[in-house]
Amino acid sequence: MQQTVGILPVAETGAAYRKPDGTQRAKRSKQKKTDYGAQRRCNSFLKTTIVPIAPQVVTSHWQEEGHNYVTVESYRYLHQSATKYASLLGTTLKHHPGKSIGEGISNLYDELDGIIGDINLNMEPNGELLEFVLWKYHTWSEYTFYWLPVKFTESLNPRLRKIALSFISRFKRSNGMDTTNAASDVGWMLELIKNELDECSSCDRKEYKSLIKSYESGKIHRLMKRIDSVTYYKNLPAVLERYVPNNEFERNLTNLFKEGLQFIGKDKPSIMSYAYDPLSDMDRDYPPVDMDRLIRIIYDVDDKVSEWMTDWTNNELRESYDISPVTRYALSPDTGILFSMDDYPERFSVWFDKLCTLIS
């Protein structure tokens with residue numbers, strides 16, 4: 001199911017009051033759904049139209065207390081937000097208040113949803129009010145590990161190695177990525193491997209123990225610590241321009257580093273800023289796999305720890321789904337511009353694939 005880019009084929013939000021169903025996710029993931037066609041009439045007993053009843057109470061926690069979001073204040077905020085956005089679209093919102101606050105809010109959702117085109121719409125708690133959220137998926141490889149293996153830096157000459165580590169360190173920080181030292185799941189994964197070794201008769205215990213020690217305090221740990229904290233060059237663009245490659249690989253690598261400067265800097269977005277789960281459900285049985293686990297710095301894609309992490313994540317994805325980049329846009333009565341998307345995740349994906357293909 002899972003794959004690692006270029007190598008192997010393999011934000012916390014509130015609960016939405018009104019949001020699209022799982023078909024939005026299915027369309028992105030190209031999952032098949034059961035067809036109950038008219039000829040088979042599998043659901044032929046469903047002949048009566050069921051009139052939806054708008055809820056009068058929708059409770060979620062705010063400031064550690066249960067809070068009802070179906071209120072006059074939420075209704076007014078949503079109405080003003082929808083009216084303002086409709087005016088930005090050059091149209092007028094035709095609103096039917098309904099017979100209750102709940103029905104009025106539900107009608108606002110349908111009326112705004114009908115004029116925003118192919119953009120998706122959620123209604124979510126924000127503080128003590130509900131707000132409309134426009135969102136749309138970016139083009140992104142499905143069920144893919146964007147794992148950058150840094151073992152290749154060990155084979156570089158000393159100067160290029162410092163350049164590479166400086167680039168990776170800044171790239172990591174700019175995009176909110178973790179190394180295996182900082183990743184929350186790696187520690188308990190190593191403990192799990194230790195426990196499994198005690199019961200494994202066919203394992204090379206010496207090899208496994210050496211690898212675990214390297215991750216915990218040895219060579220791999222020290223390399224990740226350096227990436228987490230060290231930057232050898234302050235003016236990385238100038239250093240890259242001055243470096244004279246010794247061969248074709250070095251030339252391609254430095255060119256990709258120069259191209260990758262577009263993803264580094266305080267004036268650039270972070271890939272993690274696109275992490276948003278539009279289908280969030282507080283009552284779900286299994287949480288989705290977050291982006292910080294799918295986009296990270298690792299040592300080697302082929303070592304046993306990475307293989308275990310891959311298998312573990314695949315098992316989770318069989319029960320859940322992955323978080324992929326989304327542009328999220330919350331509306332308010334003061335909204336002044338229309339929803340728009342940049343192409344940062346798309347450029348990130350293409351460049352990341354090229355880099356991983358080269359270093360593999």
Side-chain angles (χ1 to χ4, degrees), residues 3-10 144-183 186 207 210-265 268 270-271 292 294-307 309-310 347-360:
Q3 58 179 328
T4 306
V5 169
I7 298 174
L8 289 174
V10 280
T144 298
F145 288 150
Y146 287 83
W147 286 2
L148 178 58
V150 294
K151 182 181 179 180
F152 81 97
T153 61
E154 297 173 346
S155 63
L156 302 176
N157 70 65
R159 183 147 187 260
L160 184 55
R161 184 168 189 250
K162 286 185 177 181
I163 293 174
L165 293 176
S166 293
F167 176 89
I168 293 169
S169 178
R170 291 189 179 183
F171 173 72
K172 179 198 79 72
R173 290 201 295 270
S174 289
N175 287 279
M177 300 163 65
D178 286 334
T179 63
T180 51
N181 282 7
V186 174
E207 179 185 354
S210 176
L211 181 62
I212 291 170
K213 183 178 180 180
S214 186
Y215 268 91
E216 291 182 331
S217 60
K219 180 180 70 172
I220 295 175
H221 181 85
R222 291 193 296 271
L223 176 58
M224 295 298 175
K225 186 176 181 180
R226 191 172 304 169
I227 291 172
D228 277 329
S229 59
V230 174
T231 300
Y232 292 103
Y233 302 106
K234 292 183 178 181
N235 192 347
L236 192 56
V239 172
L240 282 168
E241 286 297 331
R242 289 196 299 268
Y243 183 79
V244 180
N246 295 304
N247 51 51
E248 187 67 19
F249 172 79
E250 289 190 3
R251 184 175 298 106
N252 290 334
L253 183 63
T254 53
N255 284 339
L256 279 172
F257 285 162
K258 292 175 186 177
E259 184 181 339
L261 292 172
Q262 65 181 302
F263 307 113
I264 295 176
K268 308 295 193 304
S270 163
I271 191 63
D292 61 355
L294 297 173
I295 308 174
R296 60 168 55 167
I297 307 295
I298 64 168
Y299 177 68
D300 181 13
V301 73
D302 290 324
D303 73 24
K304 294 298 182 181
V305 173
S306 295
E307 289 179 9
M309 288 164 57
T310 301
R347 289 186 284 112
F348 182 100
S349 174
V350 170
W351 174 84
F352 203 105
D353 183 50
K354 289 192 292 186
L355 178 62
C356 288
T357 299
L358 176 67
I359 64 179
S360 65

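Worth saying up front: this structure is predicted, and the values here are computed from it rather than measured. Because only heavy atoms are used, hydrogens play no part in the values below, and waters and symmetry mates are left out as well, while side chains stay in.
- Between the CG atom in Leu253 and the CD1 atom in Ile359 there is a gap of 8.0 Å [rounded to 0.5 Å].
- Residues Pro237 and Val239 fail the side-chain proximity criterion, which asks for heavy atoms closer than 4.5 Å.
- In this structure, Lys354 pairs ionically with Glu259, as a charged nitrogen and a carboxylate oxygen lie closer than 4.0 Å.
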Checking side chain to side chain contact (heavy atoms under 4.5 Å, CB included) for the pair Ile295/Asn175: CA distance, chi angles, key distance, verdict? CA-CA 9 Å; Ile295 308 174; Asn175 287 279; over 6 Å; no
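- A donor-acceptor contact shorter than 3.5 Å is absent between the side chain of Arg296 and the backbone of Met177.
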Walk me through it: do Asp300 and Trp147 pass the test side chain to side chain contact (heavy atoms under 4.5 Å, CB included)? CA-CA 9 Å; Asp300 181 13; Trp147 286 2; over 6 Å; no
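- Counting heavy atoms from C-beta outward, Leu236 and Thr231 have side chains that stay 4.5 Å or more apart.
- In terms of the ring pair (Phe, Tyr, Trp, His ring centres under 6.0 Å) criterion, Tyr215 has no residue partners (sequence neighbours excluded).
- Distance OG1/Thr144 to CG/Asp353: 9.5 Å, rounded to 0.5 Å.
- Between Tyr146 and Phe352, the two ring planes are perpendicular [angle over 60°; tilted spans 30° to 60°].
- Between Leu355 atom CG and Asn252 atom CG the span is 11.0 Å, to the nearest 0.5 Å.
- Within the 3.5 Å criterion, the main-chain N or O of Phe171 finds no donor-acceptor partner in the side chain of Ser174.
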Under the side chain to side chain contact (heavy atoms under 4.5 Å, CB included) criterion, do Glu250 and Tyr243 qualify, and how do the steps go? CA-CA 10 Å; Glu250 289 190 3; Tyr243 183 79; 2.7 Å; yes
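- Residue Lys268 qualifies as enclosed at atom NZ: its count of foreign heavy atoms under 6.0 Å is above 12.
- Residue Arg159 holds its CZ atom at 6.5 Å from CZ of Arg242, rounded to the nearest 0.5 Å.
- Under the 30°/60° scheme for interplanar angles, the aromatic rings of Phe263 and Trp351 are found to be tilted.
- Remark: side-chain polar atoms of Thr179 are not paired, donor with acceptor, to backbone N or O of Ile297 under 3.5 angstrom.
- Here the side chains of Ile264 and Arg173 are not in contact, with every heavy-atom distance at 4.5 Å or above.
- Annotation: ring pair (Phe, Tyr, Trp, His ring centres under 6.0 Å) contacts of Tyr299 (sequence neighbours excluded): none.
- Within the 3.5 Å criterion, the main-chain N or O of Asp302 finds no donor-acceptor partner in the side chain of Ser306.
- In this structure the side chain of Leu240 reaches within 4.5 angstrom of the side chain of Ile163, judged on heavy atoms.
- Within 6.0 Å of NZ on Lys258 lie more than 12 heavy atoms contributed by other residues, nucleotides or ligands.
- Looking at Arg226 and Ser169, their side chains never bring a donor and an acceptor atom within 3.5 Å of each other.
- Not one N or O on the side chain of Ser214 forms a donor-acceptor pair closer than 3.5 Å with the backbone of Ser210.
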Begin with the C-alpha distance, continue with both residues' side-chain angles, and end with the deciding distance and a verdict on salt bridge (charged side-chain N to carboxylate O under 4.0 Å, His left out) for Glu216 and Lys213. CA-CA 5 Å; Glu216 291 182 331; Lys213 183 178 180 180; over 6 Å; no
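- Among all heavy-atom pairs drawn from Ser360 and Thr357, the shortest one is OG-O, 2.9 Å.
- Atom OG1 of Thr180 is separated from atom CD1 of Ile220 by 7.0 Å, given to the nearest 0.5 angstrom.
- In this structure Glu248 satisfies the side-chain hydrogen bond (donor to acceptor under 3.5 Å, both in side chains) test together with Arg251, sequence neighbours excluded.
- Comment: Lys172 engages Asp228 in a salt bridge, judged by a side-chain N to carboxylate O separation of less than 4.0 angstrom.
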Before giving the answer on side chain to side chain contact (heavy atoms under 4.5 Å, CB included), spell out for Leu165 and Val230 the whole-Å C-alpha distance, their side-chain angles and the decisive distance to 0.1 Å. CA-CA 8 Å; Leu165 293 176; Val230 174; over 6 Å; no
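- Note that CG of Asp303 and CD of Glu207 are 10.0 Å apart. Values are rounded to the nearest 0.5 Å.
- Remark: side-chain polar atoms of Ser166 are paired, donor with acceptor, to backbone N or O of Tyr232 under 3.5 angstrom.
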